[in-house]
Amino acid sequence: MTLPETPGTDTRPGPRRRTVVAAGAGAVALSALGAPTAGAADGNAAHGTAVHGTAVHGRTPRAPRLGTGWQRYVQAPASRTVRPVLVLATTGDVRAPEGLLAPGGARTVLRRPRPAAAPRWPEGTVAEASSAHAGNNGNDGRPRTYDAGNAIDGDPDTFWNDDTLGEFPDTLTLTLPAARELSGVTVVSNSDGVPTDFTVDVWRDGGWWTAATVADNDVSHRAVPFARPVSTTRVRITVTAVQDTPRGAFTRINEVWPEAVEPVEPPSVTVDFGKVVVGYPRVRFTSASDNSPGVRLAFSETRQFLTDRSDFTRSDQSGVPAQGTDQFAVPAGGADWTDRKGHQNGTQVYADGLHGFRYLKITLDALASDAPAAEPWGTVEIDSVGLDFTAYLGTPATYRGWFLCSDDDLNRYWYGASYTNELVTDTFRQDDVDPRNAWSASLEGQLVLHDGPKRDRDPYVGDLAVSARTLYLTHDEAAEAARNVLADLAAHQRADGWIPPASINAYTLPLFDYPLWWVTCSWDYVLYTGDRGYAERHYPNLLKVLDVWYPSVTDSAGLLSKGLNDTGGYGDYAFLGRTGRITYYNANYVQALNDAAALARWLGRRSDADRWTERAGRVRDAINAQLWDASAGAYLDSGTGPVRHAQDGNAIAVTAGVADAGRAASALAHLDATTRRPYGNAFMDNDTLFDGASQRVYAFTSYPEIVARFETGRADSALDQIRRTYGWMDGHDPGITHWEGIGPDGSLYEDAYTSMAHGWSTGVLPALTHQLLGARPTSPGYVTWEVRPHPGDVSWAQGQLPTPHGPLRVEWNRTSTVFAVTVHVPAGTRGAVALPGDSGRLTVRGGGRVLWNGRRASARSVSVSGGRVTVSDLGPGTHSFTATTGRG
């Protein structure tokens with residue numbers, strides 16, 4: 001989930017496709033639940049024999065023995081104590097920085113001399129500015145001023161802030177009581193955005209004379225020496241450009257000093273944890289000088305935004321002064337310090353606690369406002385740095401579902417998605433969630449699916465539409481995380497039937513689409529788990545969503561229309577400014593109605609099921625009549641305003657069954673022609689909604705498009721989209737985990753604020769399991785299931801799906817003429833296998849006999865549907881089939 005904010009990319013090439021190499025001996029034996037046996041080594045074994053003895057006509061692709069080899073892709077740390085893997089950089093006086101990587105070795109020492117007092121302007125100096133921002137309560141609720149005088153008051157925590165956002169030049173003029181000889185000045189600016197281009201003029205001989213020009217500045221402490229000393233009574237700084245930050249493109253100057261003082265570079269060590277991790281940072285200090293030297297910890301998910309300030313801190317959005325780092329004053333005797341939220345000394349020396357990050361910079365420094373509790377100088381000795389990992393620990397032993405195929409990249413993306421999702425599966429804790437009024441007593445201490453480990457850390461139901469499926473297919477004992485969120489949101493349903501999207505803002509954040517996601521996520525939960533108790537308990541909530549709230553925003557054509565019933569100000573998953581009849585909302589409505597109907601039939605509420613099915617048909621017809629753009633061959637994003645076509649509406653129109661085969665083919669072709677980017681498919685085909693919309697990629701809305709491509713027989717284009725989208729994220733910093741959104745040219749779409757590990761972006765995992773491998777449940781609790789592979793250019797695939805009845809295992813391989821599949825079915829379930837290929841050219845064998853000869857079936861359980869030969873009514877046990885193209 002992304003919330004509105006007031007407000008580079010790593011250039012390594014993306015990964016090249018690789019094929020899994022068969023390994024021979026060393027295979028891992030699996031227990032019934034798919035965990036490696038004790039002492040077994042990871043392997044990627046392959047045998048190259050016919051699948052379970054089935055005669056295969058043509059050469060069989062080599063594949064590892066079922067259940068082996070996948071373990072090497074697992075990304076989670078081996079234990080909850082996580083150590084950095086590399087020292088990236090040091091600055092200043094640092095000894096033995098590698099000592100931070102492991103305890104008990106060399107001690108890392110940081111030293112910094114006591115700095116000299118900052119020079120001051122003579123008494124009576126006056127500061128004036130071209131403009132000054134009005135005073136307010138700042139980001140911490142405390143009254144602040146931004147007048148020009150703050151730049152010469154000797155307090156580096158106050159600053160001058162101009163009042164012309166993004167407009168230049170801005171000027172700061174200092175008038176001295178008497179002439180003074182100056183050899184230069186020092187400009188100390190705000191870390192929220194420094195002046196990048198400015199001149200320093202002095203008054204001489206009745207006019208202004210340029211003493212220095214600064215360009216491309218990127219430091220907050222900038223010494224500006226003059227070419228020669230000059231005697232003057234006035235100094236003017238003219239700023240023509242600043243860094244543009246989430247806090248706005250303003251000129252901010254904290255202090256100007258009457259000398260060019262070169263900064264003493266503070267000692268720092270930057271370490272790399274190798275991938276995004278989440279938890280409580282821990283530093284073991286063995287000793288320090290007796291002046292309470294401070295350390296500041298800055299965190300970032302990417303190197304691009306690794307600076308002296310964290311890429312995100314919750315303190316920046318809460319009631320403490322915005323500091324950008326976590327602080328600690330080291331006692332002389334040392335300390336085994338765990339970063340926990342709160343002040344170390346009264347209202348001084350604040351730390352934020354939990355962080356999600358890959359890179360950590362530790363600096364011997366302190367905020368001026370923390371003196372004397374913490375001083376920016378002294379000596380600090382450190383034994384080691386680590387992290388107490390708080391998220392779900394997905395080791396090979398915890399996986400109940402897994403996946404493996406002949407394409408090494410796809411395997412890596414699948415387990416990258418799983419690790420991303422593990423990072424967001426965590427306990428809801430008051431100190432660690434979004435400070436924007438997101439805490440809820442009803443969720444405290446419960447396992448939940450957050451949206452991301454770094455930032456919001458709030459469970460959003462729209463994110464669950466993807467992340468919960470990922471969870472159900474990997475770690476079934478964590479399914480309670482999804483249930484906890486869904487049940488909690490239902491408990492906060494409004495009287496009019498609207499269900500909140502999350503706990504943030506005390507369950508009041510108005511989103512138009514998220515009650516629909518609550519319906520579909522509830523059906524998903526029941527489908528994967530068979531939890532009848534949940535379905536019965538929350539069925540009344542579902543009735544109010546579909547029969548009370550959404551009818552209140554339905555127009556005369558039977559379509560949802562944002563703006564009715566005072567919903568014009570409601571947002572959606574990306575807070576998009578679109579109103580009226582939106583294809584995405586209405587296609588999602590069709591999906592929710594059909595999902596609700598399936599749940600109602602399962603519970604025996606046939607009249608509700610029939611009513612919702614009939615309504616879904618009416619909405620489908622209205623979408624096709626009102627929102628299909630025949631000239632573009634795609635569904636309109638909105639029935640009003642500028643013409644554009646969105647990924648979300650067109651993709652879900654296909655997956656929800658709104659589009660017939662012709663419209664589906666046309667809509668997907670339109671998306672290919674207009675939204676294809678090197679880093680995925682953009683979510684809009686033009687920029688009429690906002691500038692750059694046609695360059696933005698959301699994996700969240702890409703997931704239904706990928707599914708639509710698989711399900712309409714376009715497996716190769718689905719795989720191409722996966723490789724572009726997930727290959728880009730996997731191949732660029734921070735690697736492995738999946739981003740909240742991708743911006744123009746593959747950038748972080750919201751700069752440092754972007755979450756680089758976001759559960760809603762993990763759709764590659766269910767797509768590869770359900771569509772490529774082809775296995776999925778078709779009734780609650782996997783009582784019935786289907787295996788319908790969409791192999792594309794993949795040679796073989798295998799996997800396991802956790803069900804309440806035991807594991808459902810599937811393996812298939814193919815050549816140019818033969819497709820062989822084996823299904824291992826748990827007790828208490830029955831299902832069907834739909835073999836890929838043109839039924840008129842296939843010979844299908846199974847159980848030692850011909851089941852289909854290209855014209856007719858030899859058993860009642862064999863049929864042709866959608867051009868595929870389908871073998872139905874398969875019960876517990878092992879079933880193997882081959883489909884041979886041409887003469888069998």
Side-chain angles (χ1 to χ4, degrees), residues 465 486 490 497-499 512-528 530-532 534-561 581-628 635 649-664 704 707-708 711-712 770 776-786 788 832 865-866:
L486 294 170
W498 179 84
I499 284 184
F512 192 86
D513 53 337
Y514 273 35
L516 295 171
W517 287 122
W518 183 87
V519 173
T520 61
C521 287
S522 290
W523 168 243
D524 274 357
Y525 173 75
V526 170
L527 184 64
Y528 286 89
D531 187 345
R532 184 174 289 270
Y534 173 90
E536 294 279 8
R537 186 172 303 111
H538 297 293
Y539 192 78
N541 302 107
L542 188 150
L543 281 166
K544 290 179 70 175
V545 170
L546 294 179
D547 287 352
V548 179
W549 198 74
Y550 279 108
S552 77
V553 291
T554 299
D555 66 14
S556 58
L559 292 172
L560 302 182
S561 184
R581 298 169 177 171
I582 308 299
T583 299
Y584 156 64
Y585 301 151
N586 283 282
N588 225 11
Y589 191 31
V590 172
Q591 184 66 60
L593 287 165
N594 285 326
D595 286 348
L599 190 146
R601 288 190 185 94
W602 186 58
L603 294 178
R605 272 80 162 181
R606 184 159 300 279
S607 62
D608 292 338
D610 292 343
R611 182 177 69 259
W612 289 332
T613 299
E614 190 272 336
R615 192 193 307 171
R618 293 200 313 270
V619 177
R620 177 198 63 214
D621 293 343
I623 293 171
N624 286 320
Q626 303 292 331
L627 293 170
W628 176 255
Y635 291 96
N650 279 276
I652 297 176
V654 177
T655 59
V658 172
D660 58 22
R663 282 192 169 104
V707 171
E711 293 297 330
T712 58
H770 289 330
R776 57 185 173 184
T778 56
S779 66
Y782 285 86
V783 171
T784 60
W785 46 263
E786 176 187 62
R788 181 183 292 267
S865 176

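Model, not experiment: these values are computed from the prediction.
Between Trp518 and His538, the ring planes lie perpendicular to each other; the angle is over 60°, past the 30° to 60° tilted range.
For Ala597, the side chain to side chain contact (heavy atoms under 4.5 Å, CB included) criterion is met by Arg601, Ala609, Trp612, Thr613, not counting sequence neighbours. Every residue meeting the side chain to side chain contact (heavy atoms under 4.5 Å, CB included) condition with Val783, not counting sequence neighbours, appears here in chain and number order: Ser779, His805. Scored by the side chain to side chain donor-acceptor pair (under 3.5 Å) test, Trp517 finds Tyr584 as partners (sequence neighbours excluded). Remark: Gln626 engages Leu559, Arg581 in a side chain to side chain contact (heavy atoms under 4.5 Å, CB included) (not counting sequence neighbours). The side chain to side chain donor-acceptor pair (under 3.5 Å) check on Tyr528 picks up His770, with sequence neighbours excluded.
No more than 12 heavy atoms of other residues, nucleotides or ligands lie within 6.0 Å of CZ in Arg606, so this atom counts as exposed by the packing criterion.
Residue pairs that meet the side chain to side chain donor-acceptor pair (under 3.5 Å) test with at least one member in residues 614-623, sequence neighbours left out, are Asp547-Arg615, Tyr589-Arg615, Glu614-Arg618.
Here the side chain of Asn650 pairs a donor or acceptor atom with the backbone of Tyr635 at under 3.5 angstrom. A donor-acceptor pair under 3.5 Å is formed between the side chain of Asn624 and the backbone N or O of Val658.
Taking the six-membered ring for Trp and the full ring otherwise, the centers of Trp549 and Phe512 sit less than 6.0 Å from each other.
Looking at Tyr585 and Ser561, their side chains never come closer than 4.5 Å, going by heavy atoms from C-beta outward.
Taking each heavy atom of Ile582 and Leu627 in turn, the nearest pair found is C-CD1, 4.2 Å. Across every non-hydrogen atom of Val545 and Gly497, the tightest pair is CG2-O, 3.4 Å. The minimum heavy-atom distance between Ala596 and Leu546, with the atom names listed, is CB-CD1, 3.3 Å. Taking both residues in full, the closest heavy atoms of Ile623 and Ala587 are given as CD1-N, 3.7 Å, listed atom of the first, atom of the second, then distance. Of all heavy-atom pairs between Val590 and Ala656, the closest is CG1-O, 3.9 Å.
The line from CG of Leu599 to OH of Tyr534 is 9.0 Å long, rounded to the nearest 0.5 Å. To the nearest 0.5 angstrom, Leu516 atom CG is 5.5 Å from Asn588 atom CG.
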